[in-house]
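To keep things clear, I will list the structure first and then write my remarks on it.
When reading the values below, keep in mind they use all heavy atoms of this one structure, side chains included, and skip hydrogens, waters and symmetry mates. Predicted, not measured: the structure shown is a model, and the values here were computed from it. Counting starts at 1 for both ligands and their atoms, in listed order.
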Amino acid sequence: MIKAAFDIKEIRQQFPILQEKVGDYPLVYFDNGASSQKPKIVIDRIKHYYDHENANIHRGVHHLSQISTDNYEIARKQVQLFIGAEHEHEIIFTSGTTEGINLVAQSFCKNLVKGDEIIITEMEHHSNIVPWQMKAEEYGLVLKYIPLLANGELDWGKLDELLTSRTKILSFTHISNSLGTINPAKEIIAKAHANGTKVLLDAAQSLQHTPINVKDLDCDFMVFSGHKVFGPTGVGVLYGKEDMLNAMPPYKGGGDMIKSVTMERTEYNELPFKFEAGTPNIVGGIGLGTALKWLSSLDYEQVQKHEAELLDYATKQLLEIDGARIYGESENKCSILSFLIEGIHPYDIGTLLNQQGIAVRTGHHCTQPVMEFFGIPGTIRASFSLYNTKEEVDLFIAALKKATNMLK
Ligand code: PMP
């Protein structure tokens with residue numbers, strides 16, 4: 001497909017919310033790491049669904065149910081194409097990244113025995129720590145961590161030491177939500193596979209910045225959330241290799257995930273339905289398909305160039321502010337800028353920035369082990385998306401200077 005030139009003005013016009021004001025100030029939305037805004041095409045698609053198509057799927061013979069089912073399954077196909085999966089049935093719709101990881105932790109670990117090992121990293125979002133801790137406790141599994149380094153990269157050199165014949169799965173984030181670090185996923189996956197270890201890739205922060213091809217990466221599982229890739233909240237995707245998904249028991253029981261039910265026993269449905277019990281987020285799936293189709297119309301290389309320029313521009317100006325320290329200085333980094341100003345609590349800065357229309361996130365970003373490593377309570381995080389501009393960075397820096405002057 002021929003991609004249109006990257007025209008920031010034209011892109012911004014597609015996001016109605018970017019015209020909002022916060023009091024007298026124009027909204028500057030730099031909280032994209034938490035959730036992205038939605039283009040009008042996604043918002044319109046959701047409205048169209050409720051205006052013209054709404055019905056439950058998979059079970060109806062009537063017109064609306066068939067339309068709804070067709071569009072939900074088209075969305076699954078759109079996801080498959082977007083991430084380069086071999087089969088459509090390897091795409092499981094979930095409520096988001098968190099549910100995807102919980103699903104794998106629960107179903108994959110059912111086949112493990114006491115003393116089997118899992119490796120995660122010190123950089124993980126809580127949603128890629130807690131489910132494994134819960135399963136480790138339940139089944140007597142050993143949980144190991146790849147350590148963090150001072151520049152915000154992981155000490156991947158330790159992987160060889162941590163891998164043993166009992167390491168069953170390695171689960172790690174592609175991009176750190178609190179530091180911006182991009183991990184060398186392909187290389188790490190190959191190393192794990194050489195040891196016979198399966199890999200789950202947390203791509204919650206990835207697809208909005210960089211393309212992912214699951215066949216090329218060769219990950220066994222990959223998870224992401226719709227709301228961070230310009231799609232709706234409450235929907236996400238678990239990709240799993242067919243043989244992996246077939247080998248795992250279902251995660252939830254209910255309608256749609258069964259082939260037959262008697263009072264004595266249940267025969268489970270085939271993929272992907274085996275993992276999709278109950279009425280799913282139908283409009284969410286359709287909206288996510290639309291969001292990914294929209295994202296496909298853009299050129300990732302141009303998006304990355306634009307975001308890299310924003311990061312560079314903001315980083316240089318931030319470092320000129322007295323007492324500023326950046327957390328996350330990896331060579332390979334995406335447009336997430338986590339920082340502190342010496343002597344000032346991040347929450348106070350976040351509050352004063354908000355009073356000037358700037359939306360940033362403050363706190364531990366659900367990565368408390370990262371904060372513990374740096375010995376800090378949290379950071380201020382400005383995370384830039386493809387629709388942000390240098391003019392917005394200027395507003396942010398001016399507002400930040402004003403805030404620090406008031407608080408020092
Ligand atoms: N992993 C990472 C790296 C994330 O950034 C997030 C969201 N901040 C999650 C997992 C959890 O995503 P969700 O809340 O959408 O399930």
Run the contact test for [X] against ligand 1 with a 4.0 Å cut-off on heavy atoms, strictly below, and give the result.
X      : result
Glu124 : no
Cys366 : no
Lys228 : yes
Thr173 : yes

Cationic tip of Lys38 within the cone over Phe230's six-membered ring, i.e. under 6.0 Å and within 45° of the normal?
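Geometry flag: not set, cation outside 6.0 Å or 45°.
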
Tell me whether Glu301 at atom CD has more than 12 heavy atoms from other residues, nucleotides or ligands lying less than 6.0 Å away.
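No.
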
[atom] - nearest protein heavy atom and its distance:
atom                    : result
atom 10 (C) of ligand 1 : Ser127 OG, 3.1 Å
atom 5 (O) of ligand 1  : Gln205 NE2, 2.7 Å
atom 6 (C) of ligand 1  : His125 CD2, 3.3 Å

Test applied, side chain to side chain donor-acceptor pair (under 3.5 Å); reference residue, His89; option that passes from Glu242, Lys274, Glu270:
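It is Glu242; the other options fail the test.
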
Out of Thr279, Asn269, Asp256, Thr69, which one pairs with His58 under the side chain to side chain donor-acceptor pair (under 3.5 Å) rule?
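So the option named by the test is Asp256.
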
Can you check which of Thr94, Ile101, Thr98 brings a heavy atom nearest to atom 11 (C) of ligand 1?
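Heavy atom nearest to atom 11 (C) of ligand 1 belongs to Thr98.
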
Show the atoms of ligand 1 that are less than 4.0 angstrom away from any heavy atom in Asn177.
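Those of ligand 1 that fall under 4.0 Å from Asn177 are 5 (O).
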
With atoms numbered from 1 as shown, which atoms in ligand 1 lie under 4.0 angstrom from a non-hydrogen atom of His227?
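Checking each atom against His227, I get 15 (O).
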
When Asp116 is tested against each of Arg166, Lys198, Lys110 for salt bridge (charged side-chain N to carboxylate O under 4.0 Å, His left out), which residue passes?
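With Asp116 as partner, salt bridge (charged side-chain N to carboxylate O under 4.0 Å, His left out) holds for just one option, Arg166.
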
For ligand 1, is there an N or O atom under 3.5 Å from any N or O atom of Asp202?
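Yes; the residue has a nitrogen or oxygen that sits under 3.5 Å from a nitrogen or oxygen of the ligand.
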
Are any of the N/O atoms on Ser225, whether in the backbone or the side chain, positioned under 3.5 angstrom from an N/O atom of ligand 1?
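By distance alone, the answer is yes.
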
Side chain Ser35, main chain His227, donor-acceptor under 3.5 Å:
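Yes: the side chain of Ser35 pairs with the backbone of His227.
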
